[in-house]
2 protein chains.
Amino acid sequence: MPTNTFYNLEESKRKQIFDACVDEFSLHTFSEASINQIIKAANISRGSFYQYFADKEDCYMYLLSEMVKEKMEMFKDVVGSNENDTVFDEYEAMFDKAIRWIEVKPKYYQIGSKMDMDNSEFIRKLLKGNLASLDYFASLIRRDQQRGIIRKEIDPVILTEMLFSINQKALMNFFYNRDFEGMKKHLHHILEIIRKGSTTEENHV
Amino acid sequence: MPTNTFYNLEESKRKQIFDACVDEFSLHTFSEASINQIIKAANISRGSFYQYFADKEDCYMYLLSEMVKEKMEMFKDVVGSNENDTVFDEYEAMFDKAIRWIEVKPKYYQIGSKMDMDNSEFIRKLLKGNLASLDYFASLIRRDQQRGIIRKEIDPVILTEMLFSINQKALMNFFYNRDFEGMKKHLHHILEIIRKGSTTEENHV
DNA sequence: CCTCGATATGACAACCTTGTCATATTTAGT
DNA sequence: ACTAAATATGACAAGGTTGTCATATCGAGG
């Protein structure tokens, strides 16, 4: 974690540094990101950087923790869900949240995708702890199986994986095209397939 | 493309260099790959490298072209398909081929994934020309719609994208776990969902 | 044997990177 | 105003990167 010296800084300066980190890490992988770039953009000296952070990893951890804070702050109200919703409704709700997040903080989204592309030891470890929401969705699927909405034969984990990988692709699409309506339609179509299948009834044997 | 000097080399030496390229580019992104590593592994001098290749890009293009050659060589016989097959059958056949490819040339698979992870101008351009098989699958889906196997409402392009993104994930899984049976089961389950849907009949409204 | 074109070589320049550290400056307390 | 601690700074070492180039070696034909 950053040093006391860093937290003693004026907020404005801390923000300057934070912003520089966001810019650098949204454009480059962790390993490719350059401290030189960050200190230049933040207008601080090399020595100061190392007075604030132990190293690049320390700096990155700080960046992530700030991002998580902001995200929690933004979504603290939207937690409850309607009892009648199916997992698909919740999925679409989650998707909308993610879209909104991309709209207001596109660079955070980029930082996330850069993480996914990074195979360094350091980043892989960080991503490991990120699988909680997968469990949550699997539990929703099980609930809907009990309710008789989803077929009992379906493996909740596999369906969850499908939904998540679709989500990832769709968000990427949105990020590059910013076509909200098109994206929604696209996603709807995919969910329609996952719900009802792609083959005709006669072929459901 | 490589120089004449390079092609005048003895086959064994050319292979030495090729192997060094494979090793380096399967472990690192194009931008992260180091010519120093390659010349060390290939046991050639720095000067020689630049006598053979114009630069790293040139070297990479050579590597890719060799890989494509090998792939064509390996799959030259398995092209025909049964007239009664559905797109899903062909999909599974394609998947099996891909699995086989990973088994015999795991490093080539790695080079491919590293490409997908690379956002450099150079690599992105290369990937652009890689979408032909997508069209092929979409055409198969259209054919099966005519045959009454796949519902007319389904968008062939979207279904193709789903199949491909699933394919990618499954191959990655196989690469890391090498669990062929598990993988086949997994894939079967996913295809079952895409064929018949995940919800119960009563919910197909 | 000798010569000339083809090929091999590693030193080098120029440019990056990270992390350290002696020194300078600012700030706070007395 | 003076002191002491906190903070800021950029030169530097040590390592990496790519691409160039003068020089050395090799090989084949005359």
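Protein chains get the first letters and strands the later ones, always in sequence-line order, with residue 1 at the start of each.
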Touch class at under 4.0 angstrom, heavy-atom based, for [X] against every strand present:
| X | result |
| --- | --- |
| B:Ala33 | sugar-phosphate |
| A:Tyr52 | sugar-phosphate |
| B:Asp55 | sugar-phosphate |

Could you tell me the separation between the [atom1] atom of [X] and the [atom2] atom of [N], rounded to a whole number of Å?
| X | N | atom1 | atom2 | answer |
| --- | --- | --- | --- | --- |
| A:Ile35 | C:dT20 | CD1 | P | 11 Å |
| B:Gln51 | D:dT23 | CD | P | 16 Å |
| A:Phe49 | D:dT7 | CZ | C1' | 16 Å |
| B:Leu9 | D:dG27 | CG | C1' | 15 Å |
| A:Phe53 | C:dT20 | CZ | C1' | 18 Å |
| B:Ile39 | D:dT17 | CD1 | P | 9 Å |
| A:Glu57 | C:dG19 | CD | C1' | 14 Å |
| A:Glu24 | C:dC16 | CD | C1' | 13 Å |

Review point. How are the rings of A:Phe175 and A:Tyr109 set relative to one another: parallel (under 30°), tilted (30 to 60°) or perpendicular (over 60°)?
Key: tilted

Review point. Where does the angle between the aromatic ring planes of B:Phe6 and B:Phe53 fall among parallel (under 30°), tilted (30 to 60°) and perpendicular (over 60°)?
Key: tilted

Review point. A:Leu127 and A:Met115: which non-hydrogen atoms are nearest, and at how many Å?
Key: CD1-O, 3.6 Å

Practice item. Between D:dG19, C:dA8, D:dT9, spot the one nearest the side chain of B:Arg46, thanks. Key: D:dG19

Revision key, fill the gap. Closest to the side chain of B:Asn36, out of D:dT18, D:dA8, C:dA8, is D:dT18

Compare side-chain N and O positions of [X] against OP1 and OP2 of [N] and report whether any pair is under 4.0 Å apart.
| X | N | result |
| --- | --- | --- |
| A:Ser48 | D:dT9 | yes |
| A:Ser34 | C:dT17 | yes |
| B:Tyr50 | D:dC21 | no |
| A:Lys13 | D:dA8 | yes |
| A:Thr5 | D:dA6 | no |
| B:Asn8 | C:dT7 | yes |

Practice item. Report yes if the side chains of B:Glu90 and B:Tyr136 come closer than 4.5 Å at any heavy-atom pair, otherwise no. Key: yes

Exercise for review: May I ask you to check if A:Lys56 and A:Phe30 form a cation-pi contact, with NZ or CZ under 6.0 angstrom from the six-membered ring centre and within 45° of the axis?
Suggested key: yes

